[in-house]
Amino acid sequence: MGTGRARLAASILDADFSNLGYAVRRAQKNGADRIHLDVMDGHFVPNLTFGPATVKGLRRITELPLDVHLMISEPSRYVQQFVDAGSDSITFHVEIDEPIEPTLRIIRAGRRAAGLAVKPATPLSALEPYRRLLDIVLVMTVEPGFGGQKFMKEPAKKILPARDLLSHKPVGGEVHVDGGINRETAEYVGGLAVDVLVVGSALWIKGHDMAREIRLIKALADEGFQYQLNDGKPPIPRDNWVTFASLPKAIGRQLMYEIEAGGIPVIMLRADGQINPDGVRDYELLVPAQVEALTHDRHAVARAARLQEADAWRAELRAQQAADLAAGIPIDRSKLHWTQITDEDLQRPRRPRS
Ligand code: DX5
Ligand code: ZN
């Protein structure tokens, strides 16, 4: 995984269709974070591409996430097939003439990320009724149908406000931009905090070094973000995690549930926490660095309470052990850290036995 904030999804629409497997492997080898698959039905857009069988075939040859972009009039008819084919996310257009919500629910029931796309002339208000069901908002900056068209700046202005539609997802909600993204336009859309840049034709130019193109486009998007929205500070890499609390396992788990209920993922790790009188180390609760401040705002009070609870538990355990010892009741040697070894001793390197 790359550092930095922006992610790049390689669209294979302009690759050589006689060997799509090769195209996907090549994009992966050259640093694409995702593969973007454009499905067209010759009806919703004046072009035809491929269906679920192709997605299924490509699923076998790459571990990269597959973002499926359905430009079809009846997604409800085919969506289950795209779920079964192994798509990681499925995004379809809000401009279709059939109910939207059932299709979003099928995607969610399949535990895939669900998205809605807007054509250049469609306002974000069209997505409003479905916001709670969305993981992805895809902003089109060309008319859907073909690769290699010129980027439209006006519709790109929807990128920043699109984030508000995903406010129920402090982590994991994504705004994608699709159409005309290249080294000329990446900085601008990065400055609007886009999460995923869909890049098609710019990657498949003969004689161009694809890896360099991908690095350049991502770096430019991150620069745009840094100077437009982040006070000149480089963005926090998306994969960074920070320790929010160090707690005994059972107590830590409670805090983890509370944090995750608000949509912030937590990783609980047996790491370098202090050793408790029961001989088990504290667990570390990690949260994504991007939402460290938010986690603090929401849960600092609960954390203080849990730390107190942990201290009380330790004190109780120690008192019990002291009482047992005084009464001559044998104590499990593995649970004697509090009498035999201090925390400080644990920090020091062990002295070799003489
Ligand atoms: C167009 C597709 C795009 C297309 C983008 O309808 O949705 O994903 O591949 O191609 P470029 O990057 O060339 O505009
Ligand atoms: Zn697309």
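No experiment lies behind these values; they were computed from the predicted model shown. Excluded from the calculations below are hydrogen atoms, water molecules and symmetry mates; all remaining heavy atoms, backbone and side chain alike, are included. Both counts, for ligands and for their atoms, begin at 1 and track the order of listing.
- Legend: salt bridge (charged side-chain N to carboxylate O under 4.0 Å, His left out) pairs involving residues 61-83, not counting sequence neighbours, sorted by first then second residue: R34-D67, E74-R77.
- Between the side chains of Q226 and D222, not a single donor N or O lies within less than 3.5 Å of an accepting N or O.
- Pocket lining of ligand 1, defined as residues with a non-hydrogen atom under 4.0 Å away: S11, L13, H36, D38, M40, H69, M71, M140, P144, G145, F146, G147, G148, D178, G179, G180, V198, V199, G200, S201.
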Quiz: residues 44-54 side-chain donor-acceptor pairs under 3.5 angstrom, not counting sequence neighbours:
{"unit_1": "N47", "atom_1": "ND2", "unit_2": "G145", "atom_2": "O", "d": "2.8"}
{"unit_1": "T49", "atom_1": "OG1", "unit_2": "D38", "atom_2": "O", "d": "2.7"}
{"unit_1": "T49", "atom_1": "OG1", "unit_2": "M40", "atom_2": "N", "d": "2.9"}

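- Salt-bridge formation is not detected for the pair D84/R59: no Lys NZ or Arg NE/NH1/NH2 atom is positioned less than 4.0 Å from an Asp or Glu carboxylate oxygen.
- Using a cutoff of 4.0 Å between basic side-chain nitrogens and carboxylate oxygens, D278 and R314 are not scored as salt-bridged.
- Among V68, L138, L13, the one residue that satisfies the side chain to side chain contact (heavy atoms under 4.5 Å, CB included) test with H36 is L138.
- Note that CZ of F146 and CG of D14 are 11.0 Å apart. Values are rounded to the nearest 0.5 Å.
- Open room surrounds NE2 on H43; 12 or fewer heavy atoms of other groups in view lie less than 6.0 Å from it.
- Residue-environment remark: CD (Q308) stays at or below the threshold of 12 foreign heavy atoms within 6.0 Å.
- Only protein N, O or S atoms were considered, and those under 2.8 Å from the Zn ion (ligand 2) are H36 NE2, D38 OD1, H69 ND1, D178 OD2.
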